[in-house]
There are 2 protein chains.
Amino acid sequence: MLNEKNFVVSHECSDCPIRHRAVCARCESDELTRLEEIKYYRKFEAGSHVIWSGDRMDFVGSVVSGIATLTQTMEDGRTQMVGLLLPSDFVGRPGREGAAYDVVATTDLTMCCFRKKPFEEMMQRTPHIAHRLLEMTLDELDAAREWMLVLGRKTAREKIASLLSIIARRDASIHPGKVDGPLVFDLPLTREAMADYLGLTLETVSRQISALKRDGVIELEGKRHVTVPNMGRLMEEAGDDSDGGMLV
Amino acid sequence: MLNEKNFVVSHECSDCPIRHRAVCARCESDELTRLEEIKYYRKFEAGSHVIWSGDRMDFVGSVVSGIATLTQTMEDGRTQMVGLLLPSDFVGRPGREGAAYDVVATTDLTMCCFRKKPFEEMMQRTPHIAHRLLEMTLDELDAAREWMLVLGRKTAREKIASLLSIIARRDASIHPGKVDGPLVFDLPLTREAMADYLGLTLETVSRQISALKRDGVIELEGKRHVTVPNMGRLMEEAGDDSDGGMLV
DNA sequence: TGGAAACCTTGATGCAGATCAATTTGAAGG
DNA sequence: CCTTCAAATTGATCTGCATCAAGGTTTCCA
């Protein structure tokens, strides 16, 4: 299971986002080397579980490519997505034994992982890694709380617009350049997964997407390919105050 | 405004929860002394703002007594509570300039504060403080995500039961002893504040509380004084899987 | 090339919770 | 003790989303 250790990349590494987002913002190169020693890659098929809620979780890591979701489920089967993991997002709970949620790959997924024990030891030795993790956890907390407003107070149409707006902005930040003009992207989620994120049913999601399309807020080609001709308009529909912060 | 600095207490201090919950789990006494030097107390009247969303926030701290809430508001006035601060809870975002939410005292409130700058410097010098903060932030993240399930997927009755169950458990952990038997506490929130937490209207909150009372799940004396004769029953009503974790 | 399975759309109907509207309760202050 | 005002309750009605149901599309594999 835990194989592919000692994967070596150059220190200018660009294939592993954890270097930039999670850990190595200000790393010295010998720290990088130590990280390389405990680093390995894992691949998951679309639909498979990365980890089950409650299971022992012996790694931390970040998404290299693909999409994963964090979900909670009640005994009777009602489920709520509590997080969306896009490339460069971090997963893991340093200092915690078990996983708190199901982590599911919704597309084929590659993750860059570090075994938890040595990662935690490295955290002890290099304080700025702990700071970077605190930073990231605060970001996630902000995103979760922003999402509480969406779940608690927004209408179905606003919820859909909020989700599209998040995905559009995330996508735009991954493929930079082309600052203005229409945004184009593919929805990485099924209607059902969107419903689980938004606290709706898949039928309502479908209807509201059709409505936004009918009203010219978005254009759809097939079921997944979206064009947003006017991002400002979409954000108005989401009920966001003007340019708002990054979610998720 | 920022006065009462250099408040001095003995190192066996029991009046300031930050010592135990936030910072000083494993402090050496000279670190405690340094903390004493930047520590001060602030009092707020019921209904007043501790901080406004977006304002510069130059302190961190923890609740000594009273209740505060974290809320977000949309332009049209819809509001969603995103956190509930009970005694011993920590507020503050080390490394962040501004406040992300309104923090409002819902009862008279006393906070134990540390000026942010020196607090952050102390964090640099004493790694276990950073670890403790990461720990606490992960707890808050869990609570926020647990609450996303409540907001997105639970019925009004389940939402009320969930909130009562959180408050009951928090209250029980503050006043320990009396392990079993009925739990008794006072609701620290108005019906409207509960509605803002639960994504409901105050009328629905009132109706569902009446219903839980009618069905014998809780007993009410006046509008605020609650007795829970059977905690297990309340948690069933909340839809929680058996004994579940601590929220908030 | 055809058939199955997964995914999506659209329609009809029902209901939980919102909204609108009176009262009632209870605490604070004169 | 009476007045006042915020907080809470309760009722009547409305509506947005869920639910139930019936196709339609796309993908993939035989």
Side-chain angles (χ1 to χ4, degrees), chain A residues 45-48 67 74 76-80 104 106-108 150-164 186-215 218-226 237 239, chain B residues 45-47 67 74 76-80 106-108 150-164 186-215 218-226 237 239:
Chain A
E45 284 184 8
S48 65
I67 311 272
M74 296 171 66
D76 62 7
R78 281 177 282 178
T79 80
Q80 175 65 50
V104 184
T106 62
T107 65
D108 286 347
V150 173
L151 289 172
R153 292 301 184 194
K154 290 193 177 179
T155 64
R157 171 184 264 245
E158 289 170 332
K159 286 178 174 181
I160 296 288
S162 298
L163 180 56
L164 292 177
D186 285 298
L187 282 173
L189 300 174
T190 65
R191 302 289 186 263
E192 186 177 19
M194 289 191 246
D196 282 344
Y197 206 179
L198 297 167
L200 298 170
T201 59
L202 66 91
E203 293 94 331
T204 299
V205 169
S206 180
R207 273 185 253 273
Q208 296 299 334
I209 288 182
S210 299
L212 288 175
K213 178 180 164 187
R214 188 176 346 99
D215 300 345
I218 59 172
E219 287 152 26
L220 259 188
E221 205 177 298
K223 293 154 189 305
R224 298 291 192 91
H225 193 76
V226 180
E237 291 285 351
Chain B
E45 283 184 8
I67 311 272
M74 295 171 67
D76 63 6
R78 281 177 282 177
T79 80
Q80 175 67 49
T106 61
T107 64
D108 286 346
V150 173
L151 289 172
R153 292 301 184 194
K154 290 195 178 179
T155 64
R157 171 184 264 243
E158 289 170 332
K159 286 178 173 181
I160 297 288
S162 298
L163 180 57
L164 292 178
D186 284 299
L187 282 174
L189 300 173
T190 65
R191 301 290 186 262
E192 186 177 20
M194 288 190 247
D196 283 343
Y197 205 3
L198 297 167
L200 297 170
T201 59
L202 66 90
E203 293 95 331
T204 298
V205 171
S206 181
R207 271 186 253 273
Q208 295 299 335
I209 288 182
S210 299
L212 288 175
K213 176 180 164 188
R214 188 174 350 96
D215 300 345
I218 59 171
E219 287 153 28
L220 259 188
E221 205 178 298
K223 293 156 189 303
R224 300 291 192 92
H225 193 76
V226 180
E237 291 285 350

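Naming: A, B, ... by sequence-line order, numbering from 1 per chain.
- One atom, CG of A/Asp186, and another, P of C/dC8, lie 12 Å apart when rounded to the nearest Å.
- Between A/Lys154 and A/Ser162 the shortest heavy-atom distance is NZ-OG, 3.1 Å.
- As rounded to whole Å, 19 Å separates atom P of C/dA6 from atom CG of A/Leu189.
- The distance from atom CZ of B/Arg157 to atom C1' of C/dC15 is 16 Å, rounded to the nearest whole Å.
- In this structure, the side chain of A/Gln80 engages the main chain of A/Asp196 through a donor-acceptor pair within 3.5 Å.
- Remark: side-chain polar atoms of A/Lys213 are not paired, donor with acceptor, to backbone N or O of A/Leu220 under 3.5 angstrom.
- One can place CD of A/Glu192 at 12 Å from P of C/dA6, the figure rounded to the nearest angstrom.
- Atom pair B/Leu220:CG and C/dG26:P shows a separation of 11 Å (rounding to whole Å applied).
- Nucleotides of DNA chain D lying under 4.0 Å from heavy atoms of chain B occupy a range whose first and last members, 5' to 3', are D/dA8 to D/dA12.
- B/Thr106 places a side-chain N or O within donor-acceptor distance of the main-chain N or O of B/Ile67, the cut-off being under 3.5 Å.
- Here A/Thr190 lies in heavy-atom contact (under 4.0 Å) with sugar-phosphate atoms only.
- Computed from coordinates, the B/Glu221 CD to C/dG26 P distance equals 11 Å when rounded to whole Å.
- In plain terms, the two heavy atoms of A/Thr201 and A/Ala195 that are nearest each other are C-CB, 3.5 Å.
- Around CD of B/Glu192, the count of heavy atoms belonging to other residues, nucleotides or ligands within 6.0 Å does not exceed 12.
- As judged by a 4.0 angstrom heavy-atom cut-off over every strand, B/Arg224 is placed among residues touching the sugar-phosphate backbone only.
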- Report, as a single string ordered 5' to 3', how protein heavy atoms within less than 4.0 Å touch nucleotides 18-25 of chain C: B base, S sugar-phosphate only, - not at all. SBB-----
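- For the pair A/Lys213 NZ and C/dT9 P, the interatomic distance rounds to 8 Å; values are reported in whole Å.
- When atom types are taken as modelled, the side chain of A/Arg157 and the backbone of A/Ile209 share no donor-acceptor pair closer than 3.5 angstrom.
- In this structure, A/His225 atom NE2 and C/dC8 atom P are separated by 16 Å, rounded to whole Å.
- Remark: the backbone N or O of B/Arg153 is paired with a side-chain donor or acceptor of A/Arg78 at under 3.5 angstrom.
- A distance-only check finds no donor-acceptor pair linking the side chain of B/Ser206 to the backbone of B/Leu202 [under 3.5 Å].
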